[in-house]
Amino acid sequence: MAKDIAALEEKWQKNWYDSEQFAVDVRSLKDPFYILNMFPYPSGDKLHMGHWYQYGLIDTWARFQIMRGREVFQPMGFDAFGLPAENFAIKKGIHPDISTIKNTEHMITQMKRMGVAYPWNCMINTSKPEYYKWTQWIFLQFFKAGLAYRKEAPVNWCTGCHTVLANEQVVDGACERCGSGAVRKNLTQWFLKITDYADRLLDGIDPLDWPQKTKAMQKNWIGRSEGASINFALAGSDEKIEVFTTRPDTLFGVTYLTLAPEHPLALKIASPAQLGPLQDYIKETEKHTELERIAQDDQKTGVFTGAYALNPLSGEKVPIWVADYVLFSYGTGAVMAVPAHDERDFAFAKAHDLPINLVIDSPSQKLSLPLTEAYTDKGILINSGEFDGLSSDEAKKAITDKLSEKKCGAHKVTFRLRDWLVSRQRYWGTPIPIIHCPACGEVAVPEEDLPVVLPENVEFKPTGESPLVRCEEFINASCPKCGGKAKREADTLDTFVCSSWYFLRFPSAHAQNFAFEKELTEKFLPVDKYIGGPEHAILHLLYARFFTMFLHDQKLINFSEPFPSLIHQGIILAPDGQKMSKSKGNAISPDPYVEKYGSDILRLYLCFAFNYVDGGPWNDEGFIAVNRFMEKVERLFEEQSELFSGTTIPSMDNLSAEDKKLLFSAHNSIKGATIDTERFMFNTSIARLMEFYNAVTDYLRLVPAPAQNKNLLAQLLTDFIKILAPFAPHRAEEIWQGMGNETSIFKFSWPEWDEKYLVLDEINMAVMVNGKLRGEITVSRDAREDAIKEIASAHDKVVRQLEGMSIVKHIFVPGKLINFIVKPKS
RNA sequence: GCUCGGGUGGUGAAAUCGGUAGACACACAGGACUUAAAAUCCUGUGGGGCGUAAGCCCCGUGCGAGUUCGAUUCUCGCCCCGAGCACCA
């Protein structure tokens with residue numbers, strides 16, 4: 001059996017791919033329906049269960065859309081640059097270019113074994129010069145627009161991967177890839193100015209048809225806070241310290257200022273006596289990884305600078321401290337500390353014996369010094385001069401206005417989002433197309449010289465310095481401006497840059513002269529339905545939106561959101577309910593199941609056993625169920641094979657009661673499967689299909705052969721197999737061919753249901769007494785309320801319930817129920 | 001700590017503009033076919049109680065309240081699980 005299935009599936013794969021049935025001629029499509037799966041990175045050489053779940057079931061959805069008459073475009077490519085692919089190559093001891101080619105080829109073979117309907121003619125690979133040439137080109141557009149810049153900044157350095165990381169790639173203070181601790185280093189790096197788009201990225205979220213959670217995560221990541229920037233004058237100097245606060249209402253409660261260790265004024269303002277300890281402290285904080293800083297989060301360390309600042313409104317003189325609980329990269333890198341009304345400031349003040357002044361009174365609890373904890377809620381101002389008695393909200397505005405008036409502060413909005421660090425000190429990535437000239441500075445590589453090709457013969461093991469630095473023929477160049485001796489930028493681009501525009505490339509996958517052809521791109525995009533894992537909720541989805549907005553502003557495309565509609569597939573867990581992982585040894589490989597049962601059965605199982613967006617633990621028993629169903633279906637079509645020759649379109653007059661019942665079930669199933677498949681409810685779609693099957697076999701069993709309506713059966717079984725087709729494409733093609741058809745079932749359209757067959761002559765209605773179900777009655781479809789009331793009140797059980805009771809009123813829901821409200825007779 | 005999900009039979013799960021909870025399966029039990037088993041087909045299957053039986057009654061969607069003729073669905077409070085964020089001033 002197993003062998004036959006393998007041969008059967010291979011036959012149809014050959015059929016589809018040899019005839020290029022699913023290839024797309026992008027120019028001939030009029031109204032394309034763009035279904036996009038997040039593309040895989042070839043960090044391994046095999047498709048895992050997650051790939052099957054995503055690509056297999058979305059292919060089912062795509063085939064369904066094809067049969068519904070849509071001009072489906074469901075392309076596939078490979079996100080081949082980047083650390084995962086490079087680390088794989090290092091582990092195997094081969095060049096990443098070779099391992100990438102091998103891995104992608106193997107993955108394509110496996111996808112074909114899955115039987116996906118991809119337009120292979122539109123495939124892309126981000127590590128090929130024909131692609132990364134345009135990644136470089138887009139980078140240069142950012143550069144020319146002033147949105148790609150290089151600066152020295154404290155950055156996250158991964159000690160394991162020997163490269164800097166983006167903020168988004170640091171998870172719990174560690175590298176999201178290798179888990180090594182990230183240390184802070186001051187380095188000169190390339191950034192993309194995503195912060196310029198913070199407002200638009202935030203405002204664009206609400207209208208998106210995305211999972212609620214993903215939208216919330218992205219909003220939190222962008223993290224808009226409203227407050228004020230306030231200037232504190234340095235006592236005895238012209239110097240000013242700017243702080244950001246969301247609580248200007250607590251300004252009179254400031255008892256000290258705190259600077260981040262990296263703050264440029266920190267050492268500058270230090271008194272001679274404090275300079276030594278301060279330098280030691282700053283050096284000490286640099287050594288710690290983010291991980292260590294988080295671990296010691298209760299102990300608030302810091303050192304006094306010896307300098308003082310003046311409160312702009314109260315004129316009070318407060319000490320200035322340096323502490324590493326203040327982040328240099330957020331706000332202004334300096335905060336006004338209000339220990340009475342901020343937990344962190346409170347902890348710091350306690351630890352270093354700094355004064356605590358109460359300036360907000362709680363409306364609900366009595367506050368008095370000494371406080372046992374900070375009171376961080378809003379309240380009424382006290383000890384705040386002219387602002388006493390105002391509420392926090394009123395005071396925020398009043399104090400900010402006053403500061404603006406005195407020109408020492410202003411209303412300000414700050415974002416949590418930082419600029420995106422895109423340079424990496426690793427080999428396997430897109431070279432940054434910049435030349436450093438001693439005379440001209442950073443110069444863009446001229447467009448006609450693109451791509452800047454990644455050299456092959458490079459010792460690429462990570463050392464902390466870009467491997468390209470040591471590649472003489474690469475690094476040495478002449479300045480495009482002055483022609484003088486210059487050096488190329490040796491860093492490569494983060495792989496997330498490659499994937500921030502790939503969706504634009506697919507319709508013009510092989511274009512030589514453009515990153516993407518404007519007309520085609522605008523015809524295909526934005527993507528109609530985007531599918532991928534929830535792990536990209538922030539990183540990729542945020543970057544891609546940023547790129548799209550930028551390219552829109554450059555007038556290169558006419559839309560600014562790439563993915564108006566997105567869903568995340570769930571995660572298939574190991575049978576123990578844990579995440580599948582190689583290290584835990586609990587991973588279920590799809591391969592043995594494909595070998596034993598075939599790819600359609602694996603696909604069917606994944607469709608039927610889970611709610612698509614939830615996923616869940618794998619279990620073998622459900623697998624047997626779908627295999628059994630498939631075999632029953634094949635047997636049914638074999639037994640009924642004579643139906644498909646010699647029958648004609650059924651007459652819908654003179655149908656027997658059984659015929660009508662069958663027709664009802666069939667159309668009910670068609671309707672359910674259509675609606676449910678459209679909304680990714682594959683499990684219930686298959687349940688409807690099983691009901692359809694059960695209705696047919698009940699009919700065959702209960703209606704004597706001579707009375708069976710052959711024409712009707714033939715018609716309905718034809719509908720049935722078409723519904724099955726997207727879920728079990730190979731097996732359905734085989735059955736379809738067995739029915740005498742010569743062209744692929746996917747060239748035929750999905751069946752339509754007719755509401756008129758869903759209207760029954762008689763309907764069941766619930767009968768309730770005081771809201772409790774007491775019985776069921778069968779009434780004629782067009783029975784009137786009073787007639788139904790009469791029948792219902794005559795029902796045995798109702799009669800019993802009505803004993804000694806009088807009916808107060810009744811609730812009637814047409815077609816559903818009648819509910820009698822009764823009370824004891826007085 | 002904050003944000004967002006979720007909690008329904010022995011199991012995977014259905015059903016929420018409030019309207020007959022548990023569709024469709026798995027597993028299990030009984031039966032048919034078979035020398036036997038497998039496969040297949042039929043019947044039953046939320047829990048509890050009463051009854052020889054047909055049947056009847058009560059309880060039931062994490063827990064406790066509330067709104068309603070009626071709540072898995074809405075509101076409030078709580079418990080538990082998952083995911084994400086986390087010194088963001």
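Remember, predicted model here, so these are calculated numbers, not experimental data. Residue numbers start from 1 in every chain, and the chains themselves are labelled A, B, ... in the order their sequence lines are given, proteins ahead of strands.
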Going by the rule side chain to side chain contact (heavy atoms under 4.5 Å, CB included), which residues pair with P211(A) if we only count those two or more places apart in sequence or in a different chain?
T214(A), L566(A), H568(A)

Take atom NE2 of H536(A) and atom C1' of G84(B), then tell me their distance rounded to the nearest Å.
15 Å

Which part of the nucleic acid does M681(A) contact within heavy-atom distance under 4.0 Å: base, sugar-phosphate only, or nothing?
sugar-phosphate

Looking at W221(A), is R416(A) sitting on its ring face, NZ or CZ under 6.0 Å from the six-membered ring centre and within 45 degrees of the normal?
yes

Taking syn as within 90° of 0 and anti otherwise, name the glycosidic form of G18(B).
anti

Rounding to an integer number of angstrom, what distance separates G46(B) and U11(B) when you compare their C1' atoms?
13 Å

Nearest whole Å is fine: how far is A39(B) C1' from N627(A) CG?
13 Å

Check for a donor-acceptor pair, side chain of R781(A) on one end and backbone N or O of I763(A) on the other, with a separation under 3.5 Å.
no

Enumerate, atom names and distances included, each donor-acceptor pair closer than 3.5 Å involving a side-chain atom of residues 769-778 of chain A, sequence neighbours excluded.
{"residue": "N770(A)", "atom": "OD1", "partner": "V822(A)", "partner atom": "N", "Å": "2.9"}
{"residue": "T778(A)", "atom": "OG1", "partner": "N764(A)", "partner atom": "OD1", "Å": "2.9"}

Rounded to whole angstrom, note down the P distance from G55(B) over to C63(B).
32 Å

When the P atoms of C28(B) and G84(B) are compared, how many Å lie between them, rounded to an integer?
37 Å

Mind checking the CZ-CH2 spacing from R603(A) to W52(A)? Nearest 0.5 Å is all I need.
7.0 Å

Report, one pair per line, the protein and nucleotides 16-24 of chain B atoms (nitrogen or oxygen only) whose separation is under 3.5 Å.
{"residue": "U20(B)", "atom": "O2", "partner": "E776(A)", "partner atom": "OE2", "Å": "2.9"}
{"residue": "U20(B)", "atom": "N3", "partner": "E776(A)", "partner atom": "OE2", "Å": "3.1"}
{"residue": "U20(B)", "atom": "O4", "partner": "N764(A)", "partner atom": "O", "Å": "3.3"}
{"residue": "A23(B)", "atom": "O2'", "partner": "E691(A)", "partner atom": "OE2", "Å": "2.9"}
{"residue": "A23(B)", "atom": "N3", "partner": "R688(A)", "partner atom": "NH2", "Å": "3.2"}

Comparing N619(A) with N220(A), nearest RNA chain B nucleotide closer to 5' gives the residue N220(A)

Would you tell me if any nitrogen or oxygen in the side chain of K219(A) comes within less than 4.0 Å of OP1 or OP2 on C2(B)?
no

Tell me whether the side-chain N/O atoms of R800(A) come closer than 4.0 Å to OP1 or OP2 in C56(B).
no

C1' gap between C79(B) and G22(B), integer Å
25 Å

When the P atoms of C81(B) and A89(B) are compared, how many Å lie between them, rounded to an integer?
29 Å

Quick one: the side chain of K797(A) and the base of C56(B), do they pair up donor-acceptor inside 3.5 Å?
no

In short, T60(A) meets C607(A) closest at the heavy-atom pair OG1-SG, 4.5 Å

Per the 3.5 Å Watson-Crick/G-U criterion and a run length of at least three, the stems involving RNA chain B are B:1-7 with B:79-85, B:10-12 with B:24-26, B:28-32 with B:40-44, B:46-50 with B:55-59, B:62-66 with B:74-78

Span that lies between the C1' atom of A71(B) and that of U61(B), in whole angstrom
11 Å

Can you list the residues that meet the side chain to side chain contact (heavy atoms under 4.5 Å, CB included) rule with K215(A), with sequence neighbours excluded?
I205(A), L208(A), W210(A), Q212(A)

Using the P atom as the point on both nucleotides, what is the distance between U8(B) and A23(B), in whole Å?
16 Å

C58(B) phosphate, OP1 or OP2, under 4.0 Å from R774(A) side-chain N/O
yes

Phosphate OP1/OP2 of U40(B): any R628(A) side-chain N/O under 4.0 Å
yes

Same-atom distance (P) from U73(B) to U16(B), integer angstrom:
14 Å

Residues which pass side chain to side chain contact (heavy atoms under 4.5 Å, CB included) with E242(A), listed by chain and number, not counting sequence neighbours:
S229(A), N231(A), T332(A), K412(A)

For R731(A), is there an ion pair with E634(A) - N to carboxylate O distance below 4.0 angstrom?
yes

Base, sugar-phosphate, or nothing for K215(A), non-hydrogen atoms under 4.0 angstrom?
nothing

W221(A) has an atom CH2; how far is it from atom C1' of A86(B), in whole Å?
10 Å

Would you indicate what N611(A) reaches in the nucleic acid, counting non-hydrogen atoms under 4.0 angstrom: base, sugar-phosphate, or nothing?
sugar-phosphate

